[in-house]
Amino acid sequence: MVDRIDKIYNSGISVTAGFILGFDSEPDGVDEALVPFIEDSGIVLAMVGLLFALPNTQLTRRLNREGRLIADGESWLPESEDAYRVHVSKGVDQTIAGLNFVTVRDRVEIYQDLKRVISQIYSARAFMDRVLSTTRRIRFQSKHRPNWWLLKRQLRGLFNISFAMLKDPEARWLYVRNAWCTMWMGLAKFDYAHTTMAAYLHFRKQAKNMQSELDASIDYARHTADFPRSIADMQDRNASKLPVVS
């Protein structure tokens, strides 16, 4: 996969990727494989979230037949035939609002895996290192020459990004390092590096929000939720409801 991504970089194309946790086939310790892959491939904008079963899809219909749906993130529907009760609320953040079904693995472990992934890939050091690594690897062949109006707009954007990055104590010197190194790589790479470094300002806030929400989800799954934490837990509950044959 890394070699294939490098071929895309060699064509002057950057890569943005989404990664989803919570599939039935997912092994334990998925975070231990996912983080090194993101680092080795240099994917700066790596968006990691939880699987969400959408209404009127094959996935939702299968989970419904298996009695694994969770409505509105709270109510377990082991005997329901109304798959459309599972819906996406307005403004929902899929990255942390997924797993609206009983998972094969313990859902607490999945939450913890996701928390470890985002804490590592969204750290200032890891993010800025990926920016520099990918900027070195990608081969741009830019022929665009901005007019005066666009150049002024880009300079204003550069000033705003620089000001915001220099205010961040965790990213300040990493930004200076990246700006200095990419300045000698040509205008196209310098522009690309600043565009992707600007995304850090968003991912920094998003990571903190996700970690807080995941802590709440872990606590809810452990102490409050009425739905099973895993398939094994669901099977134990169903077995306890079977009549005892003397």
Side-chain angles (χ1 to χ4, degrees), residues 1 17-39 46-89 92-122 206-246:
M1 287 294 295
F19 302 90
I20 300 176
L21 277 68
F23 286 99
D24 286 356
S25 59
E26 185 175 280
D28 293 334
V30 65
D31 58 308
E32 297 176 1
L34 186 55
V35 172
F37 170 74
I38 293 173
E39 298 299 335
M47 294 164 287
V48 189
L50 299 170
L51 179 61
F52 195 105
L54 296 171
N56 199 31
T57 60
Q58 292 288 357
L59 174 61
T60 298
R61 285 190 280 271
R62 175 174 67 81
L63 294 172
N64 186 60
R65 290 193 302 269
E66 297 172 0
R68 295 169 58 187
L69 290 178
I70 299 172
D72 302 324
E74 297 180 356
S75 304
W76 181 32
L77 308 175
E79 299 176 356
S80 172
E81 295 181 357
D82 184 10
Y84 294 94
R85 287 179 61 187
V86 179
H87 65 276
V88 181
S89 303
V92 69
D93 185 350
Q94 175 270 335
T95 58
I96 51 179
L99 301 189
N100 57 336
F101 57 94
V102 179
T103 52
V104 172
R105 299 171 60 207
D106 188 325
R107 67 193 305 110
V108 171
E109 293 180 3
I110 299 174
Y111 291 144
Q112 291 172 335
D113 284 348
L114 177 58
K115 187 178 177 181
R116 283 192 291 269
V117 170
I118 62 176
S119 66
Q120 293 181 60
I121 68 170
Y122 294 157
Q206 176 69 355
K208 292 180 180 179
N209 177 62
M210 290 176 67
Q211 289 172 330
S212 176
E213 293 292 335
L214 286 169
D215 284 337
S217 295
I218 291 171
D219 182 72
Y220 183 76
R222 281 176 170 167
H223 305 114
T224 308
D226 68 346
F227 50 78
R229 283 170 50 171
S230 66
I231 287 286
D233 187 13
M234 183 180 77
Q235 292 171 342
D236 290 342
R237 295 190 188 194
N238 290 337
S240 66
K241 296 178 182 178
L242 295 176
V244 177
V245 179
S246 59

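Note that this is a predicted model, so its numbers are computed, not measured. Computation of the quantities below employed the complete heavy-atom set of this structure, encompassing side-chain atoms and omitting hydrogens, waters and symmetry-equivalent molecules.
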Side chain of Arg68, backbone of Val102: donor and acceptor closer than 3.5 Å? yes
Test item: [X] and [Y] side chains (from C-beta on) under 4.5 Å apart, heavy atoms:
X	Y	result
Arg229	Glu109	no
Ile110	Leu51	no
Val104	Glu26	no
Gln120	Ile38	no

Taking every non-hydrogen atom, the tightest pair across [X] and [Y]:
X	Y	value
Arg61	Asn56	NH1-OD1, 2.9 Å
Tyr122	Ala207	CD1-CB, 3.4 Å
Val108	Ala221	CG2-CB, 3.9 Å
Met234	Glu66	CE-O, 4.0 Å

Atom pair [atom1] ([X]) and [atom2] ([Y]), whose distance is rounded to the nearest 0.5 Å:
X	Y	atom1	atom2	result
Lys115	Ser212	NZ	OG	9.0 Å
Leu50	Met210	CG	CE	7.0 Å
Glu39	Ile121	CD	CD1	7.5 Å
Asp236	Ile231	CG	CD1	11.0 Å
Leu54	Leu59	CG	CG	8.0 Å
Asn100	Leu63	CG	CG	8.0 Å

Phe227 vs Tyr220 aromatic rings, parallel, tilted or perpendicular, using cut-offs 30° and 60°? tilted
Does the distance from a Lys or Arg side-chain N to an Asp or Glu carboxylate O, for Arg116 and Asp113, drop under 4.0 Å? yes
